[in-house]
Number of protein chains: 2
Amino acid sequence: MAENAAHTGATPEGRPARPDLAAMIVPLGRALTAAEQPVLDAHGLTMWAYTVLLHLEETPIRTQAALAGAIRADKTRIIAVLDDLEARGLIHRQPDPEDRRARLLSLTTEGRRLRDAVQSAIQQGEERLLARLPAADRAAFLRSLQELSALPEVAPRKPGHATDRKDPH
Amino acid sequence: MAENAAHTGATPEGRPARPDLAAMIVPLGRALTAAEQPVLDAHGLTMWAYTVLLHLEETPIRTQAALAGAIRADKTRIIAVLDDLEARGLIHRQPDPEDRRARLLSLTTEGRRLRDAVQSAIQQGEERLLARLPAADRAAFLRSLQELSALPEVAPRKPGHATDRKDPH
DNA sequence: TATTGTTATACTCTATAACTATA
DNA sequence: TATAGTTATAGAGTATAACAATA
């Protein structure tokens, strides 16, 4: 009896010991997103634009399609975003001399500066939330989150992987 | 120098010690939602329908608007959901004798049975993810998640609060 | 006149398909 | 012929506004 309950800690009556993970995490994500919005608004960035700035920081990207894949966006969805960021001088976007179909993408100095300012403000807000947790729990929470984010079913695809090809051969 | 960095553990160069919380939590929520989908499909439930079944379990609800508020949905958005659940005999939905404008909502026995079966399957799937974490981190992670979910800016409004009224008097 | 639930409409976001240029 | 990027179109999901019943 109650073999499954042994996994989830459900009571003998069958009610679970905790809410569904998704039922806690999705609203938390919404709240964090809502908290970011005023910061983004203050700097004239959409969530997509900020996401682009974040992902260009690490490594310059060789095609827009690769960027779109990395941030789990449709390639057509980021075009207007890139148009705006380029017009404001926050990113470079130049045809690859070796294959002029592709567009090399990278941050400008100004783009990096804005990105750092926004991220700093956002993380300060997040720290106020995390302050509600005991120090040990908080460290374990962040560690767990980074661990789970790295799982293949959670992490966005990195460009250049074999699985990016339509034909697996 | 780097006064803000002291809060977030940023390096002296200004790069943060961790990704943004939202950048980890939102994709994790998406992955959990995607993992739920096959289970819901197998039982003919949409995410909204499952959410309704979850929230009716605890306490019967006296108006559809209150239910909508509790699950952060527009009141017009859940009508088709309730139509379907009622037609399938999963919920009761009867006019309140004391105010026949309102609809009393509660689970049927069959609705409770389905809800328990689906939730059990979903949480079993989630346990496989959590199994990647050390036991201590996992406990702290769940504890932290429940703590943060209970914060007023995260938790959905409970019906009957003073803040539900448009006029604060 | 105000409120509950419902229906009809409009709007936003996103994906799909068609087109241009390069290869 | 195939690919990167772009534009135009259509679809899904959601919110807004108008309506009917009840108080």
Side-chain angles (χ1 to χ4, degrees), chain A residues 26-27 30 33-34 37 40-41 45-52 56 60-87 91-106 156-157 159-160 164-167 169, chain B residues 26-27 30 33-34 37 40-41 45-52 56 60-87 91-106 156 159-160 164-169:
Chain A
V26 171
R30 270 199 257 274
T33 300
Q37 201 58 58
L40 296 175
D41 289 346
L45 290 176
T46 64
M47 185 66 70
W48 282 116
Y50 177 56
T51 303
V52 166
L56 283 183
I61 291 187
R62 213 188 63 81
T63 73
Q64 294 181 186
L67 172 61
I71 64 178
R72 287 191 126 76
D74 192 277
K75 64 173 179 173
T76 65
R77 202 156 62 179
I78 62 173
I79 291 180
V81 175
L82 296 176
D83 288 347
D84 176 62
L85 291 175
E86 185 185 23
I91 64 170
H92 292 301
R93 188 202 207 178
Q94 47 192 209
D96 182 345
E98 298 183 10
D99 180 349
R100 293 178 38 225
R101 292 174 302 182
R103 304 274 177 274
L104 299 171
L105 302 171
S106 59
R157 268 194 297 189
D164 283 347
R165 333 216 93 251
K166 289 172 191 165
D167 186 324
H169 296 276
Chain B
V26 171
R30 270 199 256 274
T33 300
Q37 201 58 58
L40 295 175
D41 289 347
L45 290 176
T46 63
M47 186 65 71
W48 281 118
Y50 177 56
T51 304
V52 166
L56 283 183
I61 291 187
R62 213 188 63 81
T63 73
Q64 294 181 186
L67 172 61
I71 65 178
R72 287 192 126 77
D74 192 276
K75 64 173 179 173
T76 64
R77 201 156 62 178
I78 62 173
I79 291 180
V81 176
L82 296 176
D83 288 347
D84 176 63
L85 291 175
E86 185 185 22
I91 63 170
H92 292 300
R93 186 201 209 179
Q94 47 193 206
D96 181 346
E98 297 182 11
D99 180 349
R100 292 179 37 223
R101 292 174 302 184
R103 304 274 177 275
L104 299 171
L105 302 171
S106 60
D164 282 347
R165 333 215 94 252
K166 288 171 190 165
D167 186 324
H169 297 277

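Sequence lines set the chain letters: A, B, ... in the order given, protein chains first and strands last, and positions in each chain run from 1. Only heavy atoms go into these numbers, but all of them, side chains included; no hydrogens, no water, no symmetry mates.
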Starting from P on dT3(D), measure out to CG on Asp96(A) and report it in whole angstrom. 17 Å

Measure from CE on Met47(B) to C1' on dA12(D) and round the result to the nearest Å. 16 Å

Residue Gln64(B), side-chain atoms from C-beta onward, closest of dT6(C), dT14(C), dT6(D): dT6(C)

Check every atom of dT6(C), dA15(D), dT14(C) against the side chain of Arg93(B) and return the nucleotide holding the closest atom. dT6(C)

To the nearest Å, how far apart are Arg72(B) CZ and dA15(D) P? 12 Å

Side-chain N or O of Arg103(A) less than 4.0 angstrom from OP1 or OP2 on dA4(D)? no

Take atom CD1 of Ile61(B) and atom P of dG5(C), then tell me their distance rounded to the nearest Å. 11 Å

Scan Arg93(B), Lys75(B), Arg103(B) and name whichever one has a side-chain hydrogen bond (donor to acceptor under 3.5 Å, both in side chains) with Gln64(B). Arg93(B)

Given DNA chain C, 5'-ward residue of the pair Ile79(B) and Pro97(A), judged by closest heavy atom: Ile79(B)

What is the separation between atom CG on Asp83(A) and atom P on dA4(D), rounded to the nearest whole Å? 19 Å

Can you tell me if the side-chain N/O atoms of Arg77(A) get under 4.0 Å from OP1 or OP2 in dA15(C)? yes

Counting heavy atoms from C-beta on, name the nucleotide in dT16(C), dA17(D), dG5(C) closest to the side chain of Thr76(B). dA17(D)

So what does Asp74(A) hit on the nucleic acid, given a heavy-atom distance under 4.0 Å: a base, only sugar-phosphate, or nothing? base

Minimum-distance pair of heavy atoms, taken over all atoms of Ala66(B) and Ile61(B): CB-CG2, 3.9 Å

So, does the side chain of Arg101(A) form a donor-acceptor pair with the base of dT3(D) at under 3.5 Å? yes

Does Trp48(B) put a side-chain nitrogen or oxygen below 4.0 Å from OP1 or OP2 of dT14(D)? yes

May I have the distance from Lys75(A) (atom NZ) to dA15(C) (atom C1'), rounded to whole angstrom? 12 Å

Can you find a donor-acceptor N/O pair under 3.5 angstrom joining the side chain of Arg100(A) to the base of dT22(C)? no

For the residue pair Leu67(B) and Leu82(B), establish whether any side-chain heavy-atom pair is separated by less than 4.5 Å. yes

Glu98(B) CD to dT22(D) P: how many Å, rounded? 17 Å

Between Asp84(B) and Thr46(B), is the side-chain contact (heavy atoms from CB on, under 4.5 Å) condition met? List the steps. CA-CA 10 Å; Asp84(B) 176 63; Thr46(B) 63; over 6 Å; no

Do Leu104(A) and Arg62(A) make a side-chain contact, defined as non-hydrogen atoms from C-beta onward lying under 4.5 Å apart? yes

Rounded to whole Å, the CD-P distance (Gln94(A) to dA4(D)) equals 18 Å

So which nucleotide from dA15(D), dG5(C), dA4(D) ends up closest to the side chain of Thr63(A)? dA4(D)

